[in-house]
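Below is one structure; the comments refer to it alone.
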Number of protein chains: 2
Amino acid sequence: MGSVTHTDNGSSPAAEQAARGRAADTSRGEQTRQAIVASAIRLFGEAGYEKTTMRAIAADAGVSVGNAYYYFPAKEALVSEFYLELQREHLARVEPILAGGTSFGDRLAAILREGIEVWAPHHAFAGRFIGIAAVPGSPVSPFSEESSDARELATSIFHRLVDSTETKMDPQLRARLPQLLWLAQLGLVVYWVHDTTPGQRRTRAVVDLAVPYLEYLVGASRMKIFKPLTTRGLTLLEAVWPRTAA
Amino acid sequence: MGSVTHTDNGSSPAAEQAARGRAADTSRGEQTRQAIVASAIRLFGEAGYEKTTMRAIAADAGVSVGNAYYYFPAKEALVSEFYLELQREHLARVEPILAGGTSFGDRLAAILREGIEVWAPHHAFAGRFIGIAAVPGSPVSPFSEESSDARELATSIFHRLVDSTETKMDPQLRARLPQLLWLAQLGLVVYWVHDTTPGQRRTRAVVDLAVPYLEYLVGASRMKIFKPLTTRGLTLLEAVWPRTAA
DNA sequence: TCTCCGATTTGAACGTGTTCAACTTTCGGA
DNA sequence: TCCGAAAGTTGAACACGTTCAAATCGGAGA
C-alpha cells in the first residue's frame with residue numbers, strides 16, 4: 001500500500017508517531033491490540049455494530065473484556081479502526097485512477113465510485129457508523145481533531161486530482177477545490193447511507209449526473225460573467241471553513 | 001399556537017389522526033403519556049441525553065420504568081418529543097416573520113436565526129440529537145417516514161416564504177426552492193452543532209453571508225446566461241430528490 | 001538466580017436501556 | 001350490579017457497555 005506515503009504532510013505528529021510506532025512494534029501488547037482490531041472488524045462486518053458485543057469481540061480475540069478496554073477507551077473507538085481499514089482500501093484503489101490520464105470528471109467519478117464500492121458490503125453498518133460520526137465530540141467525527149490525519153489523507157486525494165488536472169478554472173477556486181470535493185464526498189456518503197434503492201443504484205445515478213455538472217461549474221468559474229458568483233461563493237466558503245483552520 | 005393550522009396538507013393521515021386524537025384525549029393513558037413527555041423534555045434540557053436515565057424520567061413522572069416503555073418504544077423516541085417541542089416554538093416565532101413584508105432575504109435570514117435561537121440553549125444536547133437523527137432507520141431521521149409530518153411542516157414554512165415573495169426567478173426553481181431551503185437549513189443545523197465558537201457566532205456569521213448569496217443566486221436564475229446552470233442543477237436535484245417522493 | 005516494577009490481563013461488579021409475565025384498573029354491556 | 005376484556009401499570013430480570021481492584025507476566029538490574 002503506497003498509500004502511507006501520502007501521510008507525510010506534517011500533521012498531528014503525536015498520532016502519526018503513534019501509528020508509525022505501532023507499525024514496527026511487534027511486542028505482546030501490539031499483538032493483543034491487533035487481535036482485538038481484527039476480531040472487531042470481522043464481527044462488525046458480519047453482524048453489524050449493535051449485534052457485535054464487546055464480550056464477543058474479546059472472546060473471538062481470545063482475551064478478556066477488560067483487556068479490550070485496556071487498548072480502546074470504548075466500543076466506538078473500534079469503529080474508527082474499521083473505518084481506517086476501508087479508507088486504506090479506498091486509497092489503494094484510487095492510486096491507479098490518479099495515475100491514469102483521463103479527464104478531471106472521469107477521474108473524479110471513478111474516485112467516488114470506488115469509494116461506494118468499498119463501502120457497499122457494509123451499507124447497513126454504515127448507517128450506524130454515520131450516527132456515531134455525526135456527534136460532534138466523537139473521535140470518529142470527520143471534523144474532529146483525532147481524525148485530522150484521515151481527513152488530510154482524504155483531501156490529499158483530491159489535492160492530487162486537482163493538481164494534475166489541466167482544466168482551466170478560477171485560480172482561487174482551484175486552491176479550494178480539494179476541500180470542496182471532500183465536502184461533496186461527505187455529502188455523497190450521507191446520501192448513499194440513506195439510499196434504500198437496491199444496490200444503492202440511485203446514488204450511482206447521482207454521481208453520473210453530479211460529476212459532469214461539477215465539471216461544468218468548475219469550467220465556468222473562469223468566465224467573466226460568473227466571476228461574482230465564484231468570488232462570493234469563495235468568500236462564503238472562507239467564512240464557513242477558514243483556510244487557517246485544520 | 002396557530003402553527004397547528006399548517007398541518008392541514010393531507011399528509012400521513014395515520015400519524016395525523018393519532019396526533020389529533022391525542023390532542024383531544026384526556027383519558028388516563030394520555031395524561032400518563034404527557035407526564036412522561038414533560039419529564040423527559042425537562043430532564044433532557046437540564047442534564048442532556050445520556051445523563052438522563054429512563055429510571056429518572058419514570059421517577060420524575062411518577063410512573064414505573066416499564067410504564068414509560070408502554071408509551072414509547074425506546075429512549076430515542078422521547079427525543080423526537082423534545083424535537084417536536086422546539087419545532088413548535090420555532091413555528092410560533094416564524095409566524096410574525098412570514099406575515100411581515102420585508103424582502104425574501106431578510107425573512108429567510110430571520111427564519112434561520114430564530115431556528116438557531118430556539119436551539120441555542122440546547123447546543124450540547126443537539127450534538128447527541130444529531131447523532132440519533134443521522135442513522136437511517138431512526139424515526140427521528142429527517143428523511144424517515146415517521147417524521148414526514150415534521151418535514152412537511154418545516155418545508156411548509158419555506159413554501160409560504162417563497163409563495164409570498166415577488167423576487168423574479170426561474171419558475172422551475174421557484175417550484176423547488178422550498179425543498180432546497182429546507183435542505184440548506186438542515187446543513188446549517190449540522191454546521192451549528194459542530195460550531196464550537198462561543199455562542200456559535202460563526203454560524204450566525206455564515207447566515208449573514210450565505211443568505212444574500214442565496215438571494216443573489218435565486219435572482220440570477222432568471223438570466224439567460226445562467227439558464228444551463230439552473231436547468232442542469234434542477235435536473236440533478238430531480239435525480240437526487242424526485243418530486244414524486246415523500 | 002533473584003527481585004522488583006511497570007506493563008498487561010483478569011473477571012466480578014456497576015449502571016444502563018429494555019423486556020416481560022403478572023397484576024390492577026377501567027368501563028361497556030348483560 | 002356484576003362480568004370480562006381491554007387498557008394500563010408494575011418491578012424484577014436480562015444483556016449490554018464500562019470500570020476497577022487485584023492478579024499475573026516479563027524483563028532489567030543486583
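Letters go in sequence order (proteins before strands), and every chain restarts at 1. Keep in mind that this is a model prediction, so the values were computed, not measured.
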*Considering only heavy atoms from C-beta outward, does the side chain of B:I157 approach that of B:W182 to under 4.5 Å?*
no
*Side chains of A:H123 and A:W192: does their closest heavy-atom pair fall under 4.5 Å?*
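A side-chain contact under 4.5 Å exists here.
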Determine all donor-acceptor pairs shorter than 3.5 Å in which one atom belongs to a side chain in residues 61-71 of chain B; sequence neighbours excluded.
from	atom 1	to	atom 2	distance (Å)
B:S64	OG	B:N67	N	3.3
B:Y71	OH	B:G29	O	3.3

[N] [atom2] sits how many Å from [X] [atom1], rounded?
X     : N      : atom1 : atom2 : answer
B:R33 : D:dG8  : CZ    : C1'   : 15 Å
A:M54 : C:dC14 : CE    : P     : 20 Å
B:R55 : C:dT16 : CZ    : C1'   : 6 Å
B:K75 : C:dG15 : NZ    : C1'   : 12 Å
B:E30 : C:dT26 : CD    : P     : 17 Å
B:E50 : C:dC14 : CD    : P     : 23 Å
A:L78 : D:dT18 : CG    : C1'   : 13 Å

_Short side-chain donor-acceptor distance under 3.5 Å, B:S144 and B:S147_ =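 The criterion, which ignores hydrogens and geometry beyond distance, is satisfied for B:S144 and B:S147.
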*Go through the steps for A:H122 and A:F82 under the test ring-ring contact (aromatic ring centres under 6.0 Å, His included), then give the verdict.*
CA-CA 11 Å; A:H122 312 287; A:F82 188 90; 5.0 Å; yes
_Is there a side chain to side chain contact (heavy atoms under 4.5 Å, CB included) between A:R113 and A:R93? Walk through the geometry before answering._
CA-CA 10 Å; A:R113 286 197 201 101; A:R93 289 183 183 220; over 6 Å; no
*Please state whether the phosphate of D:dG8, meaning OP1 or OP2, lies under 4.0 angstrom from any side-chain nitrogen or oxygen of B:T32.*
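No.
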*Near DNA chain D, which residues from residues 60-72 of chain B have a heavy atom under 4.0 Å away?*
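Those residues whose heavy atoms fall under 4.0 Å from DNA chain D, taken from residues 60-72 of chain B in numerical order, are B:V63, B:S64, B:G66, B:N67, B:Y70, B:Y71.
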*Between C:dT18, D:dC16, C:dT9, which nucleotide has the shortest distance from any of its atoms to the side chain of A:T53?*
D:dC16
